[in-house]
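Read the structure below first, then the notes.
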Amino acid sequence: MAQVATEQAALAGTIPDLIDGSIRRSGADQSALIADGGEGERISYAELGRRIGAVAGGLNSLGVRRGECVALLSENRPEWAISYLAILSAGATVVPLDALLKPEEHMTLLQESCPTAIIISSKFLNPLQKRLHESLPDITVITIDDADSDGHSFVKLLAFQPYTCTQIDPDQTAALIFTSGTTGKPKAVQLTHRNISSNIESIFRALEFSPRDRFLSVLPLSHVYECTAGFLTALAAGASITYARSLAAPSLVEDLRNNEITILVGVPLLFEKMRRGFERKIKQAPFVRRALFAILYQFASFSKRVGAPLGKSLFAGLRKKAGMGALRLI
């Protein structure tokens, strides 16, 4: 599967072609996106393809054209992933906005990118609605949550006829990413379809994936790292993505365990947070259990140094309890 996906990434050039190839190869019931830490809706690859086409058709009907920008502002959820892929299928450029920014920062980036439309969840629309009306009166606002709204909503777009732009050039801008602005004003970076698909190809050449893999999406999808490694790569491999309920250690462990996650894409801060949680649990254990853990840990470290690692088997029970029983790659 990894070799097929690698060849597909090399040949596709555009992200819609890459994901469409994965949809065609996947079984009809193979889960693609799973909401709310495994407790929410499960969207199959077949249904994913249908929804991408429908939302792209809705965007096209609302006047979004090839090369225009469409902003995307939401928490991590299946609708974010579908919207991202639908915007690209419509031939437009997606502008993912960081959910952690303040409303005034969101407005600055929106005014700079001048999107034709914005797909936004109610959590972020409420503080932005007045500003959008005053500063960007012509922008089409599509709400993710409000199905009963008199305006445009994600649910209403799902009723449109499928559409895919046939004039997408691999060197066309796929995403307009704003840098964090740590040392100054955020700057827009243009990433083409070929930029992103070539990165995915390189990932496949370095690591093995299969449709049996299950990713847990924790990091913000607006960041290039999570978007490429934890979203597009997962779908290109035919794997499933479960969206974590929160970054809180207890729910994170539950999501890992309940969904038998095999791959976790993270950053050092996330793994350090998990490690501190494990250490806290160990310190709270009775003296005998703490002493036994220390002895086994030293033995596992020694076995690794001599080339016969036994840590995985020695701590199998602890790994399972910590939600890491199925985890094979972080």
Side-chain angles (χ1 to χ4, degrees), residues 8-9 11-26 28 30 32-33 41 43-74 77-97 113-121 138-147 149-176 190-197 200 221 227 231-232 235-236 238 241:
Q8 185 75 18
L11 294 172
T14 71
I15 296 170
D17 286 345
L18 176 63
I19 302 303
D20 185 57
S22 187
I23 291 170
R24 290 197 307 271
R25 292 191 303 273
S26 300
Q30 168 73 8
L33 308 175
E41 183 183 18
I43 301 172
S44 68
Y45 270 88
E47 179 62 14
L48 173 64
R50 189 197 73 79
R51 294 191 188 187
I52 291 170
V55 175
L59 291 173
N60 182 257
S61 297
L62 291 173
V64 174
R65 295 294 177 260
R66 177 178 178 269
E68 294 180 342
C69 288
V70 176
L72 178 54
L73 177 55
S74 167
R77 55 194 295 178
E79 292 85 353
W80 194 103
I82 294 167
S83 298
Y84 182 101
L85 295 172
I87 292 167
L88 299 184
S89 292
T93 295
V94 62
V95 185
L97 298 179
S113 57
C114 299
T116 302
I118 180 171
I119 301 177
I120 185 171
S121 67
D138 296 326
I139 193 172
T140 300
V141 178
I142 302 163
T143 56
I144 288 180
D145 307 283
D146 193 359
S149 170
D150 293 333
H152 307 293
S153 70
F154 184 87
V155 171
K156 290 178 182 178
L157 294 191
L158 292 176
F160 279 82
Q161 290 297 312
Y163 172 81
T164 299
C165 180
T166 58
Q167 301 175 324
I168 304 175
D169 188 303
D171 292 317
Q172 177 182 320
T173 300
L176 196 63
Q190 298 179 32
L191 295 178
T192 68
H193 286 264
R194 198 187 304 275
N195 286 152
I196 297 170
S197 61
I200 296 171
L221 279 164
C227 186
F231 164 42
L232 296 175
L235 293 185
I241 304 171

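If you read the sequence from its start, that first residue is 1, and numbering goes on from there.
Between the side chain of S26 and the main chain of G238, no donor-acceptor pair closer than 3.5 Å is present. With Q172 contributing its side chain and G91 its backbone, the two residues share a donor-acceptor pair below 3.5 Å.
Shortest non-hydrogen contact noted between L33 and A81 is CD1-CB, 4.0 Å. Closest heavy-atom contact between W80 and P96: CZ2-CB, 3.8 Å.
With a 4.5 Å cut-off on side-chain heavy atoms, L59 and T116 do not count as touching. For the pair T143 and H152, the minimum side-chain heavy-atom distance is 4.5 Å or more. Annotation: side chain of V70 is not in contact with side chain of P115 (no heavy-atom distance under 4.5 Å). Between L85 and L235, the closest side-chain pair of non-hydrogen atoms falls below 4.5 Å. Put simply, the side chain of Y84 does not reach to within 4.5 Å of the side chain of I119, judged on heavy atoms.
Residue pairs meeting the salt bridge (charged side-chain N to carboxylate O under 4.0 Å, His left out) criterion with at least one partner in residues 43-58, sequence neighbours excluded, are E41-R51, E47-R50, E47-R51.
Test L157, I144, V55 against I82 for side-chain contact (heavy atoms from CB on, under 4.5 Å) and you get one pass: V55.
Atoms CD1 and OG1, from I168 and T192 in turn, are 12.5 Å apart once rounded to the nearest 0.5 Å.
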